[in-house]
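Since the structure comes first, as structure tokens, the remarks are kept for the end.
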Amino acid sequence: MVAKEIEAKKDANKKTQCTEPSVVRRYSPAVDIFEEPDAMVLVADVPGATPDGVDIQFERGNLTIEAAVRPRREDARTRYLLREYGVGNYRRTFEVNEQVDVSKITAKLENGVLTITMPKAEAVRPKKIAVKGM
Amino acid sequence: MEAFDMNLIPWKTKREERGLSRPEFSLARLRSEMDNLFDRMIRDPFGAAFGDETGTELSWGPQIDLAESEKDVTVTAELPGVDPKDVEIKVTDNVLTISGEKRHEREEKKRDYHYIERQHGAFHRSVALPSSVDSEKVDATFKNGVLTITLSKRPDAQARRITIKQG
């Protein structure tokens with residue numbers, strides 16, 4: 001396992017209904033993590049997040065992603081009949097055991113999906129070794 | 001009962017069909033489905049009478065919020081990564097149906113996955129609307145992965161204040 005989650009799941013992984021609208025809840029986003037020959041890629045679902053609310057930190061092999069989401073519309077005239085998903089900020093931390101070139105990490109946010117590309121350090125990229133004939 | 005049994009079979013993804021499946025992924029999916037079902041039962045034990053009547057709870061369908069104000073009904077759904085062009089919205093007999101497909105990014109590539117938690121593939125969700133809406137006056141926007149559908153109520157369905165006459 002090259003990337004694994006290290007933060008205890010104290011925030012329930014599942015979104016639950018917001019019973020107290022004034023409290024901004026924190027959610028653990030669903031992620032896909034995959035490895036390409038020259039990079040590790042993390043894709044996280046953060047619906048409702050905007051680029052200015054996203055905070056990505058990479059420190060001593062720990063990647064932390066945070067994304068702020070504005071709370072639901074709350075006013076006296078609006079009556080909720082169904083509230084199946086929670087609205088709140090996202091946060092999750094992973095330990096990346098692969099050697100990553102930190103200066104080349106890139107991130108983009110599109111349609112509520114955050115994609116972080118972590119290029120592998122030169123030393124661990126696969127190299128093709130040419131075999132010389134005698 | 002037969003239909004219910006069918007639903008307990010973990011949903012098969014294209015990824016699994018391609019042989020990239022790992023046992024923990026299908027287990028994780030089944031667990032999340034069970035959690036989901038359990039949550040719904042606790043939250044809304046009479047949900048079937050009000051919400052999803054299609055019996056598709058165990059397959060992938062977005063969770064929704066349904067809010068009502070004096071003039072309109074708003075339905076929001078989290079659909080991160082879905083292309084708005086792939087979403088179909090229908091209103092028939094006061095039932096709103098959201099369906100479509102979430103395409104897998106760069107699907108052709110075989111990759112070494114460490115985590116697969118995000119949903120992919122076809123989705124479908126129906127919900128009964130609370131009061132008479134004008135199916136001609138429906139507005140849908142998609143922003144930051146959140147779909148918002150606003151349905152105007154018909155004038156006769158809008159709340160009216162009744163004044164009590166002095167006798």
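In what follows, every chain begins at residue 1, and chains take the letters A, B, ... in the order their sequences are listed. Keep in mind it's a predicted model, so treat the numbers as computed, not measured.
D45(A) has a carboxylate O that lies under 4.0 Å from a charged side-chain N of R118(B), or vice versa, which qualifies the two as a salt bridge. Contact check on R92(A) versus E117(B) returns a salt bridge, with a Lys/Arg side-chain nitrogen under 4.0 Å from an Asp/Glu carboxylate oxygen.
Around the CD atom of E66(A), the shell of radius 6.0 Å holds more than 12 heavy atoms that belong to other residues, nucleotides or ligands.
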Could you walk me through whether E84(A) and R125(B) pass side chain to side chain contact (heavy atoms under 4.5 Å, CB included), step by step?
CA-CA 13 Å; E84(A) 295 179 343; R125(B) 182 69 206 267; 2.6 Å; yes
Test salt bridge (charged side-chain N to carboxylate O under 4.0 Å, His left out) on E70(B) and R79(A); report intermediate values, then the result.
CA-CA 9 Å; E70(B) 280 167 36; R79(A) 191 164 64 98; over 6 Å; no
Under the side chain to side chain contact (heavy atoms under 4.5 Å, CB included) rule, what do Y80(A) and D65(B) come out as? Steps first, then yes or no, please.
CA-CA 7 Å; Y80(A) 277 94; D65(B) 270 12; 3.9 Å; yes
Using the side chain to side chain contact (heavy atoms under 4.5 Å, CB included) rule, take N111(A) and N144(B) through it: C-alpha gap first, then chi angles, then the decisive distance, then the call.
CA-CA 4 Å; N111(A) 278 347; N144(B) 300 326; over 6 Å; no
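At a threshold of 4.5 Å between non-hydrogen side-chain atoms, the residues I116(B) and F34(A) do not count as touching.
To the nearest 0.5 Å, the span separating OH on Y113(B) from CD1 on I33(A) amounts to 11.5 Å.
Annotation: salt bridge (Lys or Arg N to Asp or Glu O under 4.0 Å) contacts of K104(A) (sequence neighbours excluded): D101(A).
With ring centers used as reference points, F94(A) lies under 6.0 Å from Y115(B).
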Report, one line per pair, each donor and acceptor closer than 3.5 Å where one atom sits in a side chain of residues 82-95 of chain B; sequence neighbours left out.
from	atom 1	to	atom 2	distance (Å)
D83(B)	OD1	K85(B)	N	3.0
D86(B)	OD1	R103(B)	NH2	3.0
D86(B)	OD2	R103(B)	NE	2.7
N94(B)	ND2	S131(B)	O	3.2

